[in-house]
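Each chain gets a letter, A, B and so on, in the order its sequence line appears, and its residues count up from 1.
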2 protein chains.
Amino acid sequence: MLDSPIRDRQSERRAATRLEILDAAWGLARESGLAELTLRDVAARVGMRAPSLYSYFASKNDIYDAMFGQAWSDYLTVVEALESAEPHPPRETLRTLARTFFDFAVAEPARHQLMNQRTIPGFVPSEAAYAPAVAALESARRQFRACGITSPEDFDLGIAVVGGLVNAQLANEPGGHRWGGLLDRAVDMIADHLGIPGPKRRTS
Amino acid sequence: MLDSPIRDRQSERRAATRLEILDAAWGLARESGLAELTLRDVAARVGMRAPSLYSYFASKNDIYDAMFGQAWSDYLTVVEALESAEPHPPRETLRTLARTFFDFAVAEPARHQLMNQRTIPGFVPSEAAYAPAVAALESARRQFRACGITSPEDFDLGIAVVGGLVNAQLANEPGGHRWGGLLDRAVDMIADHLGIPGPKRRTS
DNA sequence: GTCTATACACCGATAGAC
DNA sequence: GTCTATCGGTGTATAGAC
């Protein structure tokens, strides 16, 4: 009974509407900022009134939670695609990993704010939404390990450096390239520091 | 007439009340979060009603602006004290500079959020409030230069790395020491990368 | 089941009495 | 200068129309 055709159709419709709502929320977040989201605006964009959203999400933070899960799932797909690609020299793998994270982040500042900063008042990601974030971090950790970086401290350092470049770029020059242009040098700096073999890339 | 004794007393009282209001705002920001500030709560803490605050500040963002200016002025004092201290070996100077910024940031996450992240909706620091931030950055730049780091790109890289460690610490483990313990290593890594002479510090 | 109308408590901000 | 009263806006809860 629980999975009768009727119920399937209903739950499919429901899931589709949820996606519509989330798309509207992403659009508004991109245009006006993540924290500027209002339920009335989101509802209007999908042809509803604000209270109707409560048929699909338990609260505004529940919408943020679903967006958080979507964003990390998307990034998980990207980072796992890198992992399953044919092997490359360690420094090239690290460069690609760093560049992928950097580009993903600066491409959509609102998404990066949701994924990596904790600035939405009262929002704490649920365990379910956090799962793809953990998986993405583990994928990155495996790729670090494949490059010979096994110590947790070294991994923390690498993550922090790339994240620092992202934040500096977004905070001081969103849309620019001043810190993005330092990314390859930063990776080589870490690789040198950790004794990773391979040629340095020429600085541009 | 404009600087009669009476007027002096009035403006002194006014400035004192402004400071009282800002102290109340800092206390609430520390306790409940920067974005959770409400004018009603701030006013209550100084024994006023919310509208009375408008006699001292033009808006809520004007309060944030004054807090922004205070925070950077405080940091400017700290960083200029470092600059006027007796010279030290380059790596030690860089370590002290990095540690000072790191400790200042993690000591008060709300203050760091206001100073270095742009997450308060609609808040853009005024030119006046931004001035001490520029001065602090210039002081840091001079100290980098005294260590032999003259290229703007190298400075950007150094700032970003330290900022990345701060953000990682605050985002993933506020109050902890996981990324703070990597700070000296990170400084040595940069110093090695840039060919700064001097002994490495033993890793802990 | 979906959606709406309505209402509530709270927010920043303003007007005007005192 | 500080107050009360109030405005438009917010997230959210719920009763009821369809």
Checklist line | Non-neighbouring partners of A/Asp184 that pass side-chain contact (heavy atoms from CB on, under 4.5 Å), sequence neighbours left out | finding: A/Arg95, A/Arg99, A/Arg201

Notebook entry, point to check: Which residues satisfy the side-chain contact (heavy atoms from CB on, under 4.5 Å) test with B/Val134, sequence neighbours excluded?
Noted result: B/Tyr130, B/Glu138

For [range], which residue pairs qualify under ring pair (Phe, Tyr, Trp, His ring centres under 6.0 Å), counting only residues two or more places apart or in two chains?
range: residues 154-181 of chain B; answer: B/Phe144-B/Phe155
range: residues 33-54 of chain B; answer: none
range: residues 77-105 of chain B; answer: B/Tyr75-B/Phe101, B/Tyr75-B/Phe104
range: residues 8-32 of chain B; answer: none

Check: When you check every protein heavy atom under 4.0 Å of nucleotides 2-15 of chain D, what one-letter string (B, S, -) results, 5' to 3'?
Finding: BBBB----BBBBB-

So which protein nitrogen or oxygen atoms get under 3.5 Å of nucleotides 16-18 of chain C's nitrogens or oxygens?
none

Checklist line | Sequence neighbours excluded - salt bridge (charged side-chain N to carboxylate O under 4.0 Å, His left out) pairs with any residue from residues 36-64 of chain A | finding: A/Glu31-A/Arg45

